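Right, one structure below, let's go through it.
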Amino acid sequence: METQTATPWLTDEEQCAWRTHLEVNRLLNYQLERDLQPFGLTMNDYEILVNLSEAEDQRMRMSDLAAATLQSKSRLSHQITRMENAGLVRRENCASDRRGLYTVLTDHGLETMRQVAPHHVASVRRHFIDLVPGEDLAGLRKALGPIAEHLRSQRGKP
């Protein structure tokens, strides 16, 4: 017989911190998305462009790109189709694995990235970095680091 334990409810301080985190996350993502709209990009588009621009030969296997962007292969496939139609990326077959596909950054995609990146960085500064006092940035990173590490370790687990 399993013993039931009381739920460790959040304290007022913990609940306030949790809800503030949720609100900041939603509002920041909303604002960053809005700031990309004039360029015809979504945050998903931008994240894919960043990953490809930083990858060797500006290409990634679709499965690796799906993992890097936390998207299902199906959802990523639809996203890549939209980006292909915009001329930002193209798909290439993988010579060593007939079932594998690469997503490759096009010249237009690279130029788009070069054009948009300064605006995106300015948006991140305006809506996040510049609002956190310099001495608190290291503390924020220190506090969030273990959470990110834990969540990365949980990927793929039931």
Side-chain angles (χ1 to χ4, degrees), residues 10-92 101-157:
L10 299 179
T11 65
D12 288 346
E13 185 177 343
E14 290 168 336
Q15 187 167 332
C16 183
W18 173 243
R19 288 184 177 179
T20 300
H21 161 75
L22 291 176
E23 183 179 21
V24 166
N25 188 48
R26 282 191 305 270
L27 290 169
L28 182 59
N29 282 327
Y30 172 81
Q31 187 61 54
L32 294 176
E33 185 92 31
R34 263 188 63 187
D35 290 349
L36 287 173
Q37 284 177 351
F39 301 97
L41 296 176
T42 66
M43 281 296 292
N44 283 339
D45 295 332
Y46 188 78
E47 184 179 16
I48 289 167
L49 292 176
V50 167
N51 274 276
L52 292 173
S53 72
E54 294 174 349
E56 185 176 342
D57 297 327
Q58 297 175 332
R59 70 177 53 227
M60 290 179 73
R61 288 181 67 106
M62 288 282 284
S63 56
D64 294 337
L65 189 54
T69 59
L70 298 177
Q71 295 188 57
S72 69
K73 291 178 186 177
S74 173
R75 178 163 190 228
L76 179 66
S77 182
H78 291 294
Q79 179 80 31
I80 295 302
T81 297
R82 287 191 297 277
M83 293 178 76
E84 274 183 309
N85 291 338
L88 299 169
V89 300
R90 69 176 182 276
R91 294 179 216 223
E92 288 182 357
L101 283 176
Y102 284 105
T103 302
V104 182
L105 188 63
T106 64
D107 291 341
H108 175 62
L110 182 58
E111 183 54 38
T112 298
M113 185 68 201
R114 286 184 179 138
Q115 177 189 11
V116 175
H119 296 278
H120 179 69
V121 169
S123 179
V124 169
R125 283 198 169 284
R126 185 171 57 255
H127 302 298
F128 184 75
I129 297 296
D130 292 346
L131 301 175
V132 179
E135 62 275 6
D136 291 342
L137 277 176
L140 183 61
R141 187 169 117 340
K142 184 177 179 181
L144 295 176
I147 299 167
E149 187 176 322
H150 166 75
L151 293 172
R152 278 191 299 270
S153 76
Q154 298 303 301
R155 286 179 40 183
K157 291 184 177 179

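Quick caveat, the model's predicted, so the values are computed rather than measured. Start at 1 with the first residue, then count along the sequence.
The shortest heavy-atom contact between Leu105 and Leu49 is CD1-CD2, 3.5 Å. Between Ala55 and Met60 the shortest heavy-atom distance is CB-CG, 3.6 Å. Ser77 and Met62 make their closest contact through CA-CE, 4.0 Å (heavy atoms, listed as atom of the first residue, atom of the second, distance).
Each of Ile48, Leu52, Asn44 was scored for a side-chain contact (heavy atoms from CB on, under 4.5 Å) with Met83, with one residue passing: Ile48. Exactly one of Asp130, Leu28, Ile129 qualifies for a side-chain contact (heavy atoms from CB on, under 4.5 Å) with Val124. That residue is Ile129.
Applying the side chain to side chain donor-acceptor pair (under 3.5 Å) rule to Thr81 yields the partners Arg91; only residues at least two apart in sequence or on another chain are considered. The side chain to side chain donor-acceptor pair (under 3.5 Å) test applied to Asp64 returns no partner, not counting sequence neighbours. Taking Phe128 as the reference, nothing meets the ring pair (Phe, Tyr, Trp, His ring centres under 6.0 Å) condition, with sequence neighbours excluded. Not counting sequence neighbours, Glu47 has no partner by the side chain to side chain donor-acceptor pair (under 3.5 Å) test.
Remark: side-chain polar atoms of Asn25 are not paired, donor with acceptor, to backbone N or O of His21 under 3.5 angstrom. In terms of modelled atom types and a separation under 3.5 Å, the side chain of Thr112 and the main chain of His108 share a donor-acceptor contact. Of the possible donor and acceptor atoms, one in the side chain of Glu33 sits under 3.5 Å from a partner among the backbone N and O of Met43.
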Which side-chain N or O atoms in residues 134-154 pair as donor and acceptor under 3.5 Å with protein atoms at least two apart or in another chain?
from	atom 1	to	atom 2	distance (Å)
Ser153	OG	His150	O	2.6

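Rounding to the nearest 0.5 Å gives a distance of 5.0 Å between CD of Gln31 and CZ of Arg34. Atom CD of residue Gln115 and atom CD of residue Glu111 lie 7.0 Å apart, to the nearest 0.5 angstrom. Here Met113 contributes atom CE and Thr106 contributes atom OG1; the two are 12.5 Å apart, rounded to the nearest 0.5 Å. To the nearest 0.5 Å, atom CD of residue Glu54 and atom CD of residue Glu56 are 13.5 Å apart.
Annotation: side chain to side chain donor-acceptor pair (under 3.5 Å) contacts involving residues 118-128, sequence neighbours excluded, comprise Asp35-Ser123, Asp35-Arg126, Asp35-His127.
Within a 6.0 Å sphere centred on CG of Asp12, other residues, nucleotides and ligands contribute 12 heavy atoms or fewer. Other residues, nucleotides and ligands contribute at most 12 non-hydrogen atoms within 6.0 Å of the CG atom of Asp107. Within a 6.0 Å sphere centred on CZ of Phe39, heavy atoms belonging to other residues, nucleotides or ligands number more than 12.
Contact check for Leu65 versus Ile80: side-chain heavy atoms found under the 4.5 Å cut-off. Side chains of Gln79 and Thr42 form a contact here, defined as non-hydrogen atoms less than 4.5 Å apart.
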For this session: Given side-chain contact (heavy atoms from CB on, under 4.5 Å), test Leu76 with Thr103 step by step and report yes or no.
Result: CA-CA 10 Å; Leu76 179 66; Thr103 302; 5.6 Å; no
For this session: Test Arg82 against Asp45 for side-chain contact (heavy atoms from CB on, under 4.5 Å), laying out the working first.
Result: CA-CA 9 Å; Arg82 287 191 297 277; Asp45 295 332; 5.7 Å; no
